[in-house]
Asker: 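I'd like to ask some things about the structure below.
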Protein chains: 2
Amino acid sequence: MARRQSRPSIREVAKEAGVSVTTVSHALNGKGRLDTVTRERVIEVANRMGYHPNRNARGLRSGRTDTIALLLPLAPGRRRQPIEIDFYLELLTASVDAAFQHDQALVQLPPLESAGDLHRFALDGGIVVDPVRDDPRVAMFHDLELPLVTVGNHDARPHERWTVIADSAGTTRTMCDHMAAKGAQRIGMLTVDIDWSWFTDGIAAYQGWCADHGQEPILSLARRDKQETSMRDAVARLLDRPDPPDAVFVPPQWLASGLLTVAGERGITVPGDMIIGVGVDSGLARGTQPPLTAVDLNAPVMAQQAVDLLMKQIAGEPAAPRFRVVPTTLLPRESTSRVGVRPRGPGLTGRS
Amino acid sequence: MARRQSRPSIREVAKEAGVSVTTVSHALNGKGRLDTVTRERVIEVANRMGYHPNRNARGLRSGRTDTIALLLPLAPGRRRQPIEIDFYLELLTASVDAAFQHDQALVQLPPLESAGDLHRFALDGGIVVDPVRDDPRVAMFHDLELPLVTVGNHDARPHERWTVIADSAGTTRTMCDHMAAKGAQRIGMLTVDIDWSWFTDGIAAYQGWCADHGQEPILSLARRDKQETSMRDAVARLLDRPDPPDAVFVPPQWLASGLLTVAGERGITVPGDMIIGVGVDSGLARGTQPPLTAVDLNAPVMAQQAVDLLMKQIAGEPAAPRFRVVPTTLLPRESTSRVGVRPRGPGLTGRS
DNA sequence: TTGAAAGCGCTAACAG
DNA sequence: CTGTTAGCGCTTTCAA
């Protein structure tokens, strides 16, 4: 019955190579002072036998587990479901890769009820994605004195934390510049009232950009509940103005698709009457009609940075800086191709 | 530097409770013949001290790792990226929960280069999602004699495998019935040429349904490369017929959004001129204009079944049946609200 | 009903 | 330069 193929132990390798287990251990870990010839022979034998050190034994000895956790944010409302944004899946994948490079296993954690749950997993550390103020996940790591890196942050003094964030301010300025270059006269922002740096920094940068360019800010905030009515209220506040914007940057994805829908209902064409950019790229952004100009958050880089920081922290090594800002990439698509030129109907989008 | 709070060992619990480590072990695992009073006292002490057995020590002793892996399918083309379908993220989350119930950690694996990579993770078993013919992931598990459960299958003799699949045949019939009830006269199917049971069973069921209802099958297969041209070719074969369908069931998500786009370009309204249903629910399906009728694959149930099967296999217990078919749920939306009634423009979609 | 002790595979302190 | 050995925390014989 599916008994796992018994893997060779360090003792068998030692016997096969005609040396002691110590020598094998040293050879494989590059530790002691060994004759080069011996070392290479041992390594060769170990490879030939398909030897891999037993993680449990190694962990028992070292007190480490070589396991780290990634905690994705949960969707508000639906209790156990993570937010379905492609970025998170990308971040997960990239984190797995990065962890693997450090020979760490990466586990997903279920929604944690208590610090006890965290203990059961025997982690060396964790990465908490998009923490909110007083995030219980963060508190648990602190209580257990477990190494922690956050991706995204909500903190007034972020530089004291081990944190990786996307460059929200730079993204916002780039998007505004892009829209202005496409002919936008009045650029608005439709975003949400959540204290993640991704949103707050974006708002601040937007206001700064407006000040620099002599434009009055046109800002509309949706409630954070992700409800359709919140979206519609916020969109209405934007479009019902006497002087509605002809360009809108919408950081959260759900508001961007909502804006597109409402615009369609009102007969406002995109990009003819209004151009739109969204803050996170996704299949959804690519698949709308028209496809939405979006921001690539560079999940692989963020994951790499987060895992690297975590490994440093676990090892007790210094890391300077502990606070990393990852640049983003603008992906121009049809939704910002040019404002003020009504597209000639659906035929425009044909690429055959 | 972030030393992990040292957790109490079984010895400290024993000392605190005034018994031997053996007694503690027996009490906690319900093993030996212990006085009830002693057992309860030990348990109480252990709880009070926040004791959790060290996974490494236990694993070293038992030869198990209490770790299972989930392997999601990779997107064709983009090398290391999983397919961005909400279903997979749901499946992942639900699997984590189910694993947790069995006190197993669930790790994500990076794309595996060789069986050696698999060995490095010290797994008790794994779940391979949507295996293809001669899937190397499956082969690696077999080579290592590691317990394996597949979610989805491609096999002619699936009942010999440990497998969980969604009820593709039932889904197809339900969708066709639904469309017929909404006034569809000629139901077509737009799908893809991949040998996953999800697709092959769906095609067979569709042809069966057509035979039962005296309708000629209208089937168009896209190439599997997920390219825009593949989509356009397949859609054209459907719409350019002298007798195009007035309803289309589209199992793969990327083809459904493609069909919607092309229909828009051609001035075909949905659901007025044609109704459309997609085989997998997602944010994309909910967010299109109009929202797409879709199928909920019940990821939580599939995950639970898969993990349960895997645990049985690992424990060497029998499981009957080894082959589980999970029912799906149709989610009717506007895209199939009624065919043959041209909607009166965008206003129809307003729900304010 | 309880306890002493061996041993899982590995690393590292110490001895040679 | 290489080997012997203790011991990480746990489960499980075996003995009392």
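So that the names make sense, note that chain A is the first sequence line, chain B the second, and so on, each numbered from 1. In this text the structure is predicted, and so the values were computed from the model without any measurement.
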Asker: Could you tell me the separation between the NZ atom of B/Lys15 and the P atom of C/dA4, rounded to a whole number of Å?
Answerer: 13 Å

Asker: For B/Ser9, which contact category applies under a 4.0 Å heavy-atom criterion: base, sugar-phosphate, or nothing?
Answerer: sugar-phosphate

Asker: May I have the distance from A/His52 (atom NE2) to C/dC10 (atom C1'), rounded to whole angstrom?
Answerer: 16 Å

Asker: Which part of the nucleic acid, if any, lies within reach of A/Thr38 when heavy atoms closer than 4.0 Å are counted: base, sugar-phosphate only, or nothing?
Answerer: sugar-phosphate

Asker: Please check the phosphate of C/dT2 (OP1 and OP2 only) for any side-chain N or O of B/Thr23 closer than 4.0 Å.
Answerer: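 No, B/Thr23 has no side-chain N/O under 4.0 Å of OP1/OP2 on C/dT2.
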
Asker: Are B/Ile10 and B/Pro53 close enough that some pair of their side-chain heavy atoms sits under 4.5 Å apart?
Answerer: no

Asker: Nearest whole angstrom, please: distance from the P of C/dG9 to the OH of A/Tyr51.
Answerer: 10 Å

Asker: Counting side-chain heavy atoms from C-beta on, which of D/dC10, C/dG3, D/dT4 comes nearest to B/Val19?
Answerer: C/dG3

Asker: Please determine whether any donor N or O and acceptor N or O are separated by less than 3.5 Å between the side chain of B/Thr22 and the base of D/dT12.
Answerer: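 Such a pair is found, so the answer is yes.
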
Asker: Quick one: on DNA chain C, does A/Pro53 or B/Asp35 contact a more 5' nucleotide (nearest heavy atom)?
Answerer: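 Closer to the 5' end of DNA chain C: B/Asp35.
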
Asker: Would you mind reading off the distance between B/Arg11 atom CZ and D/dC8 atom C1', rounded to a whole angstrom?
Answerer: 9 Å

Asker: D/dC8 P sits how many Å from A/Asn54 CG, rounded?
Answerer: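 Interatomic distance, CG of A/Asn54 to P of D/dC8: 18 Å.
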
Asker: Can you tell me if CZ on A/Arg120 sees more than 12 non-hydrogen neighbours from other groups inside 6.0 Å?
Answerer: yes

Asker: Within this structure, what is the CG-CG distance for the pair A/Leu106 and A/Asp66, rounded to the nearest 0.5 Å?
Answerer: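 So the CG of A/Leu106 and the CG of A/Asp66 are separated by 12.5 Å.
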
Asker: Determine whether more than 12 heavy atoms belonging to other residues, nucleotides or ligands lie under 6.0 Å from atom CZ of B/Arg48.
Answerer: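 Yes, enclosed.
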
Asker: When the nearest nucleotide of DNA chain C is assigned to B/Val21 and to B/Leu60 on a heavy-atom basis, which residue is associated with the more 5' position?
Answerer: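 Comparing both residues, the 5'-ward one is B/Val21.
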
Asker: For B/Asn29, answer base if it contacts any base atom (sugar-phosphate contacts may also be present), sugar-phosphate if it contacts only those atoms, and nothing otherwise; contact means non-hydrogen atoms under 4.0 Å.
Answerer: sugar-phosphate

Asker: Measure the spacing between CG of B/Leu71 and CG of B/Leu148 and express it to the nearest 0.5 Å.
Answerer: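 Atom-to-atom, B/Leu71:CG and B/Leu148:CG are 9.0 Å apart.
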
Asker: Tell me the interatomic distance from A/Glu12, atom CD, to C/dC8, atom P, rounded to whole angstroms.
Answerer: 11 Å

Asker: Given C/dC8, D/dG9, C/dA4, which nucleotide is nearest the side-chain atoms of B/Ser20?
Answerer: C/dA4

Asker: Using whole Å, what does the distance between atom P of nucleotide C/dA12 and atom CG of A/Leu28 come to?
Answerer: 13 Å

Asker: Look at A/Arg64 and D/dC8 and indicate whether a side-chain polar atom (N or O) is within less than 4.0 Å of OP1 or OP2.
Answerer: no

Asker: May I have the distance from B/Arg58 (atom CZ) to D/dC8 (atom P), rounded to whole angstrom?
Answerer: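 Those two atoms, CZ and P, are 19 Å apart.
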
